[in-house]
Protein chains: 2
Amino acid sequence: MQSNKLPTIKEIAKKLNVSISTVSRALHDHPSIGLVTTMRVHKVAQELGYEVNKSAIYFKERKTYTIGVIIPSLAEPFFSSALCGVEDFAGQFNYNVIIGQSLDSFEREQRIVENMKDHRVDGILVSLTKETSTYEHFDNLKKYNIPIVFFDRVPQKKDIHFVSCNLHSGMLQAITRFVAMGHKKIGLINGPAKMAATLQRLEIYFKCLKENNLPINYDIIASTTLSKEDNVKAIKKLIDQEEIPTAVMVFNDYVLLDCIATVKAAGLEVNKDISFISFANLPIWEYMDTRPLASIEQFSYRQASIATDFLFKLIETNNKGENTDSNYLQQIIDSEMVNY
Amino acid sequence: MQSNKLPTIKEIAKKLNVSISTVSRALHDHPSIGLVTTMRVHKVAQELGYEVNKSAIYFKERKTYTIGVIIPSLAEPFFSSALCGVEDFAGQFNYNVIIGQSLDSFEREQRIVENMKDHRVDGILVSLTKETSTYEHFDNLKKYNIPIVFFDRVPQKKDIHFVSCNLHSGMLQAITRFVAMGHKKIGLINGPAKMAATLQRLEIYFKCLKENNLPINYDIIASTTLSKEDNVKAIKKLIDQEEIPTAVMVFNDYVLLDCIATVKAAGLEVNKDISFISFANLPIWEYMDTRPLASIEQFSYRQASIATDFLFKLIETNNKGENTDSNYLQQIIDSEMVNY
DNA sequence: GTAGTCTACACAAACGTTTGCGTAAATAAA
DNA sequence: TTTATTTACGCAAACGTTTGTGTAGACTAC
């Protein structure tokens, strides 16, 4: 027969015949309250099992001590690892994390942003949808003083806070390694044209070829929508030639899994007839019989941690009313090739 | 030069020289407010860009429209998939999801529960820590009328709401299949003794052997703490015998990955000299050259969805003040063997 | 003309806390 | 003794909203 009502400072006050403010101050051990009173308040609070109602305070402070994280999909290790980074970091500051999966749908992304705004989160971290190319849905957040930090999949604009990963360092390591092994025909299997990451990879691929004095050859460049059939089609384009590329950069490890299966089925030997390096650094490779030479780690956990750090800095300064509009927090971290 | 202050109904009221209550009712199109007034209120609200402050309402309603999910680790696909299940389901009800990773630490689990209580979540979903064997830290939630539903890793008691997965169906399918293939020595690599899942697997293993008229042989039963070295040690115990088991049930797919590597290194051929079936149904198998015969799917997404459904039912009835203490929501779903 | 019924709105309490300000009593300084 | 200072506490506003109750004026009915 538990009472449905939770004890409040009001009841403590009534029980002790003191004012509410006295109880509040006593509970915080405020010096202006006498020692005896303070002790009596603590005692009664203990007896009643009183615990402060934080939502009242959050409401009053206009804070929720909650940040939102919007990611395309929890199912992808890259993003669940990022979420880990956020959670670990936020936890240290006693912040809560609420999540939203955009599932790579622009419309869902909009809805989630709206919803998080309604819940008055103190800040938002976003890794964009593949579809996202306009950013108006984030503008409303400014009105509510909700800072936003993008990570990994970031908008193509300058006036934002973001953390992203520079693919150049990793890909240069990869192509340099290929070259050092004697490879001259280094292909590329890229992602969907609409994705920013795709354009980025292509540019960097060209740049790295140039840095190694290799010519660009469009016959050994393919792209995939990331579906299994398309992955297979892409690698087939590369190996259905008289002189196949002996090394291939692959969009990510998932695509590579299909590539490996396909080249094997075609009677080619991986790491002999054809070598691969891809992006993602899935933990699973160490258990696979057939592995790429290396994979390029993009440090999702670290990206997310830094982004969260940025976000807290913004929340902090926002509260102080400082205007940080003009100096944006931005960091690009280097990717790194991990050998297998 | 944006104003830092958000528009409230109070300002709308002042601007129109009507009372606050009139504005509130007008915004909800309450019939007792005249059409003209209602329209004027809507118009001004629009102009000011007014949006209702939900945290004020949440505070007043003593609701947050947020549920908490406590899982051991986001990094495990099993749990991130479960989180998906929660998120998808909760999203439909416009509920938010806040997460907490216990990292299999009992102390962290306690802290997270406490924290979620402070945030006045409307309900909590929990999959227990490996370490958790007492449940007092959940008792406090009753006082706050926060319902709790356990899933997958559930407490060993009757008076709880839970969803879990019955391993018997899947293991029976597995062992029956082994037997049908002619296997007579079917081993088991089990998990840490302290885990409930371990005891459960052992009991069911015995039961399934019995159902297939096979004798229990402790020489072909090993256990592992789930560390890599221990996994290797466990499978070595089984294959370092003159007459090795020709089939082995393995605690989960991660352990199995180590087992496969070990038996290969020992010169045995998987699916010929020794066959495996394990638990988890990792999506990765289809890309592996060497696969188990099958894996037993435990439906984390479905478990989590059902648990979330239960939780909403409890939140619902709790609000109505109904006493549901005596009829617990419990469901055990059947595991299923998935062939490769 | 009086009583009764609507219509359309205002008032105020409530949710639980924090905090600036005011003040009586006690003490210290003059 | 008078004035100033300190100690210890109470009052009330504020955060933004919802909602029960009260009520002035207009209208209807007899």
Side-chain angles (χ1 to χ4, degrees), chain A residues 3-42 44-45 48-66 117-120 122 143-145 319, chain B residues 3-42 44-45 48-66 117-120 122 143-145 319:
Chain A
S3 117
N4 208 350
K5 212 78 173 72
L6 294 173
T8 68
I9 52 171
K10 202 182 282 185
E11 285 154 48
I12 301 180
K14 196 170 289 175
K15 204 154 229 161
L16 284 170
N17 267 318
V18 294
S19 76
I20 293 178
S21 49
T22 300
V23 175
S24 173
R25 282 189 250 259
L27 287 172
H28 292 87
D29 292 316
H30 193 280
S32 87
I33 303 298
L35 195 58
V36 203
T37 312
T38 301
M39 276 169 40
R40 286 172 63 211
V41 168
H42 275 297
V44 173
L48 262 52
Y50 169 80
E51 292 181 74
V52 51
N53 181 338
K54 294 218 176 159
S55 32
I57 299 178
Y58 296 161
F59 161 57
K60 203 171 144 59
E61 286 186 350
R62 290 187 209 77
K63 281 208 58 168
T64 55
Y65 294 95
T66 300
K117 181 219 66 190
D118 279 348
H119 269 258
R120 293 290 198 275
D122 295 337
K143 202 174 78 183
Y144 290 87
N145 245 307
N319 283 350
Chain B
S3 119
N4 207 350
K5 213 75 174 71
L6 294 173
T8 67
I9 51 171
K10 202 182 283 184
E11 285 154 48
I12 301 180
K14 196 170 290 174
K15 204 153 229 163
L16 286 171
N17 268 316
V18 295
S19 76
I20 294 177
S21 49
T22 300
V23 175
S24 173
R25 290 190 168 97
L27 287 172
H28 291 88
D29 292 317
H30 193 282
S32 87
I33 304 299
L35 194 59
V36 202
T37 311
T38 301
M39 275 169 42
R40 286 173 62 210
V41 168
H42 275 296
V44 174
L48 261 54
Y50 168 81
E51 293 181 74
V52 50
N53 182 337
K54 294 219 178 159
S55 32
I57 299 177
Y58 296 162
F59 161 57
K60 203 170 144 59
E61 286 186 350
R62 290 186 208 76
K63 280 209 57 169
T64 56
Y65 294 95
T66 300
K117 181 219 67 190
D118 279 349
H119 270 258
R120 294 287 199 276
D122 295 337
K143 202 173 78 183
Y144 290 86
N145 246 306
N319 282 350

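The sequence lines fix the lettering, A, B, ..., with proteins before strands; numbering per chain opens at 1.
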Whole angstrom value for the distance that separates P of D/dA8 from CG of A/D29: 14 Å
Whichever of A/S21 and A/S32 has its nearest DNA chain D nucleotide further upstream toward 5': A/S32
Donor-acceptor contact present, side-chain A/H42 to main-chain A/A26, <3.5 Å: yes
Heavy-atom side-chain contact between B/R40 and B/V18 under 4.5 Å: no
Under-4.0 Å side-chain N/O to phosphate OP1/OP2 contact, B/T22 with C/dA10: yes
Rounded distance (Å) that lies between atom C1' of D/dG16 and atom OH of B/Y58: 14 Å
Residue-phosphate contact under 4.0 Å: B/K54 side-chain N/O, D/dG16 OP1/OP2: no
Sugar-phosphate only, base, or nothing, as touched by B/R25 at under 4.0 Å among non-hydrogen atoms: base
Spacing between B/N53 atom CG and D/dT18 atom P, to the nearest angstrom: 10 Å
Nearest-nucleotide comparison on DNA chain C, the residue closer to the 5′ end among B/G34 and B/K60: B/G34
Separation of atom CD in A/E11 from atom P in C/dA14, rounded to whole Å: 14 Å
Atom pair distance, as rounded to whole Å: CZ in B/R62 and C1' in C/dC15: 6 Å
Among C/dG16, D/dG10, D/dT17, the one nearest A/A56 by side-chain distance: C/dG16
B/Y50 side chain reached by B/L27 side chain, heavy atoms, under 4.5 Å: yes
Whole-Å distance separating the OH atom of B/Y50 from the C1' atom of D/dT17: 7 Å
Nucleotide nearest A/I33 (side chain, heavy atoms from C-beta), chosen from D/dT18, C/dT18, D/dC9: D/dC9
Sugar-phosphate only, base, or nothing, as touched by A/I9 at under 4.0 Å among non-hydrogen atoms: base
Distance in Å, B/T64 OG1 paired with A/K54 NZ, rounded so as to fall on 0.5 Å steps: 14.0 Å
Sugar-phosphate only, base, or nothing, as touched by A/S24 at under 4.0 Å among non-hydrogen atoms: base
Chi angles and distances behind the ring-ring contact (aromatic ring centres under 6.0 Å, His included) call for A/H119, B/Y65: CA-CA 9 Å; A/H119 269 258; B/Y65 294 95; 7.5 Å; no
Spacing between B/F59 atom CZ and C/dA13 atom C1', to the nearest angstrom: 13 Å
Between C1' of D/dG16 and CG of B/L27, the distance in whole Å: 12 Å
Given C/dG16, C/dA8, C/dT17, the nucleotide with the shortest approach to the side chain of B/T37: C/dA8
